[in-house]
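All remarks here apply to the structure that follows.
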Amino acid sequence: MRRASLKTKTALFVLFVFFTTTPAAIYLTLEFFGKSLRDVVNTHQATLLSRVGAEIDEKLQGSHDALISIARLATADDVTSPGNARRFLQRYPLLAAFFDNGAFVFTPDGILLAETNQGLQRTGLDSSAREYIRQTRVSERPYISRPFVSSQPHHHPTVMFTAPVFTPNGTLVAILGGSMDLLKGNFIGSLASTRIGKEGIFYLFADDGALIMHPQRESILQQSVKPEILHLASSLPKGDVISVETVASDTAMLSTLKKLRQTTWTLAADLPEDEAYAPLRMAERSAWMAVIPWGLLSAAAIWLLMRRLTLPILALERQIRGAEDSGAHRNVLIRSGDEIERVAEAFNGLVNRLIEKEDRLVHLSNHDSLTGLYNRLFFEAEMQRIDRGRHFPVSMVMVDVDNLKAANDTFGHTAGDTLIVKAAQALRAAFRSEDVVARVGGDEFAVIMEGSDHETALEALERVRETVALLNSDGDSPELSLSLGTATATAPLTLDQTWRLADQRMYADKARRKASKVIGSSSASRDAAPPAF
């Protein structure tokens, strides 16, 4: 009997080693691959949900802050009658940009005084039974309501933002409200059309299980959240994220929850496990089917192949974890040329879009929409920051557009807006790029000149007057006229007094200018009259 050749023995040995070690190697490799993939998917979904949740929190806060800021501008006279309340709402068209279902003024007892919705005659409507009225009246604090069915003709599910209106002595005189329609394309309603992968969805629910937003619009306001999800959400601290595996309609799901910071709402994402772990399932089938056809491959080739397959996923995981740990955004770089690279590109695109939206929101929250200058909120925050710093002296300038009401009454509000824009151009041209130039009221502007003494501020005022004269040289009517006042702080924690002093000097300048016009007119009249003997 012929002995087997070395080639045969080698072949048999390779087959023996292959069939004794490959199944175990495949099993261990797939376990490692599965764990890595689960970690990546969980991390990806948690990161995505955190980003979306942070965006919703920021938009909720931005909308509520806008409402609260406007409520602080209301006086008792603004809410004494439906007519006054209606005119108050008309002064702030910005409310419509935040609240697509209307803005409202209620009495403390919940009686509707005025609303921005055209064509509705609902003054006097009793809303005292609404939960948002009760909560705001009892707590005297801003509140975001649970979802409810609107009393407007469309009867859509809505949420209400409220802000109390106080007199200077702290008496509650009205409640300002802003409503969002959950069936419109606002930042809440857009969740319904947002997908994770092909079948993954986002949904939003209240702490009692009522759905606030869901791709199945008919289920909104229904308490259809699974008990285990509701139980997890009830124990989840605000801002935290948790991922669990659940079953919905006989489909295994990877569910991730995030408790929003601004409300008691919970943002959730469901992704079918078949889709989430599809690469793992495919790898398992391919590996076991390839055992026999690839029986002659050596262990080294198998190891290199598996290493090649897993390296991009591990790199993706490391980069995502690194970005999460550092808290700084950077694009993940995967050059695998396959689905993993496309997942990385999709992840980068999504994160970049979220960051762009965040940047736009920050710009909108800090700038005045008409002039492009900083708004009052940003100005006051900067004043507090500079007031605690060391870069003194600091000069403040107050500017008021003269005769704006007369221009509005005579030439129309477009002319008034033109005057405000011209004033902004004059200030932007007269002051340094590092100075904080802001529109702090309808016709009022303020400037912080950090590190500038009083002489420097006076020189800036002269530049403003020169620029105004240049702008008026075009002969357009009405002409731009500005009242100016400045004061200088030389020590920290004095900017409030400096602001008031600059404001007083601005009004003194306005009075002097008016007096000089009256004196000039009187002198002209005396010169024209016959002398008296």
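Along the sequence shown, residues carry numbers from 1.
Counting only residues at least two apart or in different chains, salt bridge (charged side-chain N to carboxylate O under 4.0 Å, His left out) contacts with residues 108-118 comprise Glu115-Arg122.
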Test log, rule side chain to side chain contact (heavy atoms under 4.5 Å, CB included), inputs Phe445 and Tyr374: CA-CA 10 Å; Phe445 299 82; Tyr374 292 117; over 6 Å; no
Any chance you could lay out the side chain to side chain donor-acceptor pair (under 3.5 Å) test for Asp78 and Thr75, step after step, and finish with the verdict? CA-CA 5 Å; Asp78 289 331; Thr75 64; 3.2 Å; yes
Any chance you could lay out the side chain to side chain contact (heavy atoms under 4.5 Å, CB included) test for Gln504 and Met398, step after step, and finish with the verdict? CA-CA 9 Å; Gln504 293 169 5; Met398 286 299 298; over 6 Å; no
Output, in order, the C-alpha distance, side-chain angles, deciding distance and verdict of side chain to side chain contact (heavy atoms under 4.5 Å, CB included) for Asp181 and Ser150. CA-CA 8 Å; Asp181 189 333; Ser150 172; over 6 Å; no
Walk me through whether Leu377 and Asn366 qualify under side chain to side chain contact (heavy atoms under 4.5 Å, CB included). CA-CA 7 Å; Leu377 289 176; Asn366 290 337; over 6 Å; no
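At a cut-off of 3.5 Å, with distance as the only test, a side-chain donor of Thr246 or Ser255 sits close to an acceptor on the other residue. Side-chain contact of Thr414 with Asp417: a donor-acceptor pair under 3.5 Å is absent, judged by distance alone. A donor atom on one side chain and an acceptor atom on the other are found under 3.5 Å apart for Arg432 and Ser452. In summary, the side chains of Glu131 and Ser145 do not present any donor paired with an acceptor at a separation below 3.5 Å, with no hydrogens or angles considered.
The six-membered or imidazole ring of Tyr132 lies near that of Phe148, with a centre-to-centre distance under 6.0 Å.
Counting non-hydrogen atoms of other residues, nucleotides and ligands closer than 6.0 Å to CD of Glu199 gives a total of 12 or fewer. Heavy atoms from other residues, nucleotides or ligands lying under 6.0 Å from NE2 of His155 number more than 12. Heavy-atom contacts from other residues, nucleotides or ligands closer than 6.0 Å to CZ of Arg91 number more than 12. The environment of Gln121 atom CD is sparse: at most 12 non-hydrogen atoms of other residues, nucleotides or ligands sit within 6.0 angstrom. Around the CZ atom of Arg261, the shell of radius 6.0 Å holds no more than 12 heavy atoms that belong to other residues, nucleotides or ligands.
Note: His156 and His154 have tilted aromatic rings, judged against thresholds of 30 and 60 degrees for the angle between ring planes. Taking the six-membered ring where the residue is Trp, Phe161 and His64 present perpendicular rings, their angle passing 60° and hence far from 30°.
A side-chain donor-acceptor contact under 3.5 Å links Thr194 to the backbone of Ser190. Not one N or O on the side chain of Lys357 forms a donor-acceptor pair closer than 3.5 Å with the backbone of Glu55. The backbone N or O of Asp240 sits nowhere less than 3.5 Å from a side-chain atom of Lys258 that would complete a donor-acceptor pair. When atom types are taken as modelled, the side chain of Asp443 and the backbone of Leu404 share no donor-acceptor pair closer than 3.5 angstrom. In this structure, the side chain of Asp57 engages the main chain of Gln262 through a donor-acceptor pair within 3.5 Å. Without hydrogens or angle criteria, Thr136 side chain to Ile133 main chain gives no donor-acceptor distance under 3.5 Å.
Closest of all the heavy-atom pairs between Leu125 and Ser151 is CD2-OG, 4.0 Å. The shortest non-hydrogen separation linking Gln45 to Thr256 is NE2-OG1, 3.0 Å. The shortest heavy-atom contact between Ser63 and Met180 is OG-CE, 3.5 Å. The shortest heavy-atom contact between Asp77 and Asn84 is O-ND2, 2.9 Å. Residues Ala438 and Asn375 approach most closely at CB-O, 4.0 Å, considering heavy atoms. Contact between Leu67 and Gly178 at its shortest, heavy atoms only, is CD2-N, 3.9 Å.
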Please report, to 0.1 Å, the donor-acceptor pairs under 3.5 Å made by any side chain of residues 205-214, with sequence neighbours excluded.
{"from": "Asp207", "atom 1": "OD1", "to": "Arg146", "atom 2": "NH1", "distance (Å)": "2.6"}
{"from": "Asp207", "atom 1": "OD1", "to": "Arg146", "atom 2": "NH2", "distance (Å)": "3.4"}
{"from": "Asp208", "atom 1": "OD1", "to": "Ala210", "atom 2": "N", "distance (Å)": "3.1"}
{"from": "His214", "atom 1": "ND1", "to": "Gln216", "atom 2": "N", "distance (Å)": "3.0"}

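A salt bridge links Glu380 to Arg376: at least one charged side-chain nitrogen sits closer than 4.0 Å to a carboxylate oxygen. A salt bridge links Glu382 to Arg385: at least one charged side-chain nitrogen sits closer than 4.0 Å to a carboxylate oxygen. In summary, Lys405 and Asp409 engage in a salt bridge, as defined by a charged side-chain N under 4.0 Å from a carboxylate O.
With contacts defined as side-chain heavy-atom distances shorter than 4.5 Å, the pair Tyr203/Leu267 does not qualify. Between Leu120 and Pro153, the closest side-chain pair of non-hydrogen atoms falls below 4.5 Å. Under the 4.5 Å side-chain criterion, counting only non-hydrogen atoms from C-beta, Trp499 is in contact with Phe379. Side-chain contact check for Leu482 versus Asp400: every heavy-atom pair is 4.5 Å or farther apart. Annotation: side chain of Phe202 is in contact with side chain of Val52 (closest heavy-atom distance under 4.5 Å).
We find the CD-CG distance between Glu58 and Leu361 to be 6.5 Å, quoted to the nearest 0.5 Å. The CG atom of Leu232 sits 10.5 Å away from the OG atom of Ser243 when rounded to the nearest 0.5 Å.
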